[in-house]
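The structure appears below as structure tokens.
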Amino acid sequence: MKVELIITNKEGVRDPEGETIQRYIVNKVTDKVKEVRAGKYLLFNINSDDKNDAVEIVKKIAEENRLYNPIVHKIEIRAEKIENGSN
């Protein structure tokens with residue numbers, strides 16, 4: 001099971017990296033982008049056929065090992081079955 005962990009700042013928390021990307025890169029191309037948010041992306045290959053089990057494993061890893069700060073960050077966990085067993 002391929003499991004993605006996406007960590008971003010919560011709404012209302014300032015995002016200096018996203019602001020910098022927007023100011024110095026995106027705004028050179030267009031003024032139609034309202035906001036850019038930056039974050040971390042981690043990809044796990046979990047040895048499980050159960051989507052919920054794989055998500056719970058990654059959630060446990062993230063929470064117990066402080067991969068994010070729950071006060072300022074939010075996480076999104078997405079799981080997808082790997083059909084042929086490889087990426």
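Numbering of residues begins at 1 and proceeds along the displayed sequence.
Under the 4.5 Å side-chain contact rule for hydrophobic residues, Leu43 and Ile77 do not share a cluster. Linking ILVMFWY side-chain heavy atoms closer than 4.5 Å, directly or via other members, places Ile57 and Ile7 in a single hydrophobic cluster.
Nearest heavy atom pair, residue Leu5 against residue Ala62, reads CD2-CB, 3.9 Å. Of all non-hydrogen atoms in Ala54 and Val3, the two that sit nearest each other are CB-CG2, 3.7 Å. Nearest approach of Ala38 to Gly18, heavy atoms of both residues: CB-N, 3.8 Å. Shortest non-hydrogen contact noted between Val36 and Asp15 is O-OD2, 4.0 Å.
Other residues, nucleotides and ligands contribute only 12 or fewer heavy atoms inside 6.0 Å of the OH atom of Tyr24. Summarising the local packing, NZ of Lys10 is surrounded by more than 12 heavy atoms from other residues, nucleotides or ligands at distances under 6.0 Å.
Proximity of Phe44 to Met1: side-chain heavy atoms (C-beta onward) are nowhere separated by under 4.5 Å. Looking at heavy atoms from C-beta onward, Val58 lies in side-chain contact with Ile46 at the 4.5 angstrom threshold. Contact annotation: the side chain of Leu42 never approaches that of Glu4 to less than 4.5 Å [non-hydrogen atoms, C-beta and beyond].
A donor-acceptor contact shorter than 3.5 Å links the side chain of Gln22 to the backbone of Val33. Side-chain N or O atoms of Asn65 include none that pairs as donor or acceptor with a backbone N or O of Leu67 at under 3.5 Å. A donor-acceptor pair under 3.5 Å is formed between the side chain of Asn9 and the backbone N or O of Arg14.
One distance of note links CD of Glu19 with CD1 of Ile21; it measures 10.5 Å at 0.5 Å rounding. The OG atom of Ser48 sits 11.0 Å away from atom CD of Glu56, with the distance rounded to the nearest 0.5 Å. Here Ile71 contributes atom CD1 and Asn69 contributes atom CG; the two are 5.0 Å apart, rounded to the nearest 0.5 Å.
With salt bridges taken as basic N to acidic carboxylate O contacts below 4.0 Å, one links Lys74 and Glu11. Between Arg37 and Glu35, at least one side-chain nitrogen of the basic residue sits less than 4.0 Å from a carboxylate oxygen of the acidic one, meeting the salt-bridge criterion. By the 4.0 Å N-to-carboxylate-O rule, Glu80 lies too far from Arg78 to be salt-bridged with it.
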Derivation of the side-chain contact (heavy atoms from CB on, under 4.5 Å) call for Glu63 and Tyr68: CA-CA 7 Å; Glu63 290 178 350; Tyr68 71 102; 3.5 Å; yes

